[in-house]
Amino acid sequence: MKLIELVKLILKNLSKSILFFIFLVPNAIAVEVTWGGVAFVDNNNVESLYPNLSKIGISKLDDWAYNALKKDGSIRKFNNFEIKVNKDGEPVMIDKDQTEGIIMSVVFFADDTFFGENISVKGVRTYDNTYQLYGALVFFEFGSGSYVNSVPLIQERTVAENNIPGPQKIEMNFNGMLDGSFSKNYFNELFNRAKDTKVNEFPEKFAKFGEVTFGPTVEQFFNKNNEVQSWKFRINKQYENELSAYSKIPIVPSGPNAELNEFQAIFKDASYKIVLGEAVFVFNVNLKIFKKIDRPNKNNTYRTVCHIVGLKLAFIDDSFEEKELVMDVPFVRAKKSCGVIGINNVVDDTYFFPMNLLAIIQNSASQFKNTDQNYLKSATQGKEKEALNQINKVKSILFE
């Protein structure tokens, strides 16, 4: 074989090898993350943030999360990353001497219980007992603690019962939501929701929920039980959860103090400061009105009771030299907050105001997926055209 033919053959085979290598590398090199276990967001406000989760304790939560992560004997598969494991297939835990890499952790922010008394027009008494878990799967870097990505999940369980549950029944319900004994397990739901999450690229655009302000009637309502700050925090978390599910917007999780750009994650044996960085796109919530209407009928046999909730959802673009208020849309839940009860029946305001607040958060957030002009017409008090234009402008900023 002549030299020139030999060179051509070598180059031809080499090009095939290079091409083969190029096609193989992206699939062969997967982003590895280290399983960090379960953490609480703060140790300073345990009773107001997560009284029930704190009683369960991180050790049990760690075990239950691990059981969901290693389902059916093997580590779960995620589409864009894989869990770092040892030779026995067990997740490699955080090494205190490690300085690089990404940690994946379930961070719990709060839990809630609502016990709503219902008395029918015939005087039959029942309760809608609601249990909620606030958490997220959070990815952050070793050493610097820099935030990478997160997947929020608020899970709710509502049970119709004949009375307000005692401590043992409350504990049973929260345990069942976490230990795998109920059909919907929090950790399974969270890991399933995170299946397509990317951790190897930082989003060009991400949003954050920032300031929450209360009008006088709302401040007075939550101040009765010293819940002003904890409910401002919960409102942000509810919006993060809903907007993330409806729109897939990358949202930086807020901590107990929304004005801070970092929060402390408290693990079983250590703590990490997670640095969130600055978000140039910020949603602010002004919860303006809690208004109760209680009107008897002409015969004084029934009453119509409404728990009206009104808020404004604002969006600020801070990507330029001057901040731009892109959206400031009012949302009101009025007629749908009403119900008819017997003339002497007692209404539990502490249940119905928060429930209608959660409904207005869910409905307003859903407009960022598919706008509903009938809903906007009702909820914005006739300002649906302006609201639609502003919502579409926000979507164009974040999605394009």
Side-chain angles (χ1 to χ4, degrees), residues 151-154 156 158 193 196 203 205-215 217-218 234-251 254 279-293 295 304-319 323-340 352-400:
V151 180
L153 176 63
I154 297 177
E156 178 177 297
T158 299
R193 195 167 180 176
D196 295 320
K205 301 175 181 179
F206 60 85
K208 178 184 177 183
F209 279 85
E211 185 180 19
V212 178
T213 54
F214 286 169
T217 55
V218 181
R234 281 169 168 80
I235 288 167
N236 273 345
K237 302 311 292 182
Q238 287 283 348
Y239 259 121
E240 287 170 11
N241 180 68
E242 295 295 340
L243 204 61
S244 174
Y246 284 126
S247 68
K248 306 303 180 186
I249 297 173
I251 297 176
S254 57
V280 295
F281 303 112
V282 181
F283 288 93
N284 291 326
V285 180
N286 181 4
L287 182 54
K288 297 173 71 69
I289 298 170
F290 275 179
K291 182 179 179 180
K292 182 180 177 182
I293 295 176
R295 292 176 181 164
T304 298
V305 180
C306 308
H307 291 83
I308 298 172
V309 178
L311 61 79
K312 273 195 168 186
L313 181 61
F315 178 82
I316 297 170
D317 183 350
D318 195 17
S319 60
K323 294 182 180 180
E324 179 186 1
L325 181 62
V326 177
M327 182 186 79
D328 195 19
V329 176
F331 291 96
V332 178
R333 185 173 173 85
K335 195 176 289 187
K336 288 192 175 181
S337 76
C338 301
V340 178
F352 285 103
F353 271 126
M355 288 298 104
N356 281 288
L357 169 59
L358 297 181
I360 203 172
I361 289 173
Q362 183 181 50
N363 290 330
S364 59
S366 70
Q367 303 309 300
F368 289 87
K369 182 178 182 182
N370 296 312
T371 51
D372 181 342
Q373 293 198 25
N374 290 329
Y375 169 75
L376 288 176
K377 185 175 182 178
S378 171
T380 63
Q381 308 289 287
K383 297 179 180 178
E384 70 274 13
K385 289 184 180 179
E386 184 181 350
L388 184 61
N389 289 336
Q390 291 183 19
I391 289 170
N392 285 335
K393 189 172 181 181
V394 172
K395 291 168 71 173
S396 69
I397 290 171
L398 292 176
F399 300 158
E400 292 179 2

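Only a predicted model underlies this, so the values are computations on that prediction, with no experimental measurement involved.
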> Does the side-chain contact (heavy atoms from CB on, under 4.5 Å) test come out yes or no for Phe331 and Asn363, once each step is laid out?
Replying inline: CA-CA 9 Å; Phe331 291 96; Asn363 290 330; over 6 Å; no
> How many angstroms lie between atom CZ of Phe281 and atom CG of Leu398, to the nearest 0.5 angstrom?
Replying inline: 6.0 Å
>> Closer than 3.5 angstrom, by distance alone: can the side chain of Ser337 be matched with the main-chain N or O of Ala334 as a donor-acceptor pair?
In response: yes
> What closest approach, in Å, do Val212 and Asn236 show between heavy atoms, and which atom pair accounts for it?
Replying inline: CG2-OD1, 3.3 Å
> Rounded to the nearest 0.5 Å, what separation is found between the CD atom of Glu384 and the CD atom of Gln367?
Replying inline: 11.5 Å
> At their closest point, which heavy atom of Ala314 faces which heavy atom of Leu325, and how far apart are they?
Replying inline: CB-CD1, 4.0 Å
> How far does CZ of Arg333 sit from OH of Tyr375, to the nearest 0.5 angstrom?
Replying inline: 8.0 Å
> Going from NZ on Lys237 to CD1 on Ile251, what distance comes out if it is rounded to the nearest 0.5 angstrom?
Replying inline: 10.0 Å
>> Does anything in residues 354-381 form a salt bridge (Lys or Arg N to Asp or Glu O under 4.0 Å)? List the pairs, not counting sequence neighbours.
In response: none
>> Main chain of Glu242, side chain of Gln362: is a donor-acceptor contact present, judged purely on distance under 3.5 Å?
In response: no
> Taking the side chain as C-beta and beyond, is there a heavy-atom pair between Ile391 and Leu376 under 4.5 Å?
Replying inline: yes
>> Please give me the minimum heavy-atom distance between Thr304 and Val340, naming the atom from each residue.
In response: OG1-CG2, 4.1 Å
>> In terms of relative ring orientation, are Phe283 and Phe368 parallel, tilted or perpendicular, with 30° and 60° separating the classes?
In response: perpendicular
>> I'd like to check Val326 versus Ile316 (side-chain heavy atoms, cut-off strictly below 4.5 Å). Are they in contact?
In response: no
> Would you say Arg193's side chain and Pro152's backbone share a donor-acceptor pair under 3.5 angstrom?
Replying inline: yes
>> Please report the interatomic distance CD1(Ile397) to NZ(Lys395), rounded to the nearest 0.5 Å.
In response: 13.0 Å
> Between Phe352 and His307, what is the ring plane arrangement, given parallel below 30°, perpendicular above 60°, and tilted in between?
Replying inline: parallel
>> Looking at Glu240 and Ser254, would you say the former's side chain and the latter's main chain have a donor-acceptor pair under 3.5 Å?
In response: yes
> Any side-chain heavy atom of Gln238 within less than 4.5 Å of one from Ile235?
Replying inline: no
> When rounded to the nearest 0.5 angstrom, what is the spacing between CG in Asn284 and NZ in Lys312?
Replying inline: 13.0 Å
> Mind checking whether Ile308 and Asn356 have side chains closer than 4.5 Å, heavy atoms only?
Replying inline: no
> Do you know which two heavy atoms are closest between Pro330 and Thr380, and how far apart they sit?
Replying inline: O-CG2, 3.2 Å
>> Counting C-beta onward and ignoring hydrogens, is there a side-chain heavy-atom pair between Phe315 and Gln390 closer than 4.5 Å?
In response: no
> Do Asn241 side-chain atoms and Ile154 backbone N/O form a donor-acceptor pair below 3.5 Å?
Replying inline: yes
> Under 4.5 Å between any side-chain heavy atoms of Val282 and Lys323, yes or no?
Replying inline: no
>> Whether the side chain of Thr217 engages the backbone of Phe290 through a donor-acceptor N/O pair (distance < 3.5 Å, no angle test) should be reported.
In response: yes
> Are there more than 12 heavy atoms of other residues, nucleotides or ligands under 6.0 Å from atom NZ of Lys292?
Replying inline: yes
>> Would you say CD of Gln373 has more than 12 non-hydrogen atoms from neighbouring residues, nucleotides or ligands within 6.0 angstrom?
In response: no
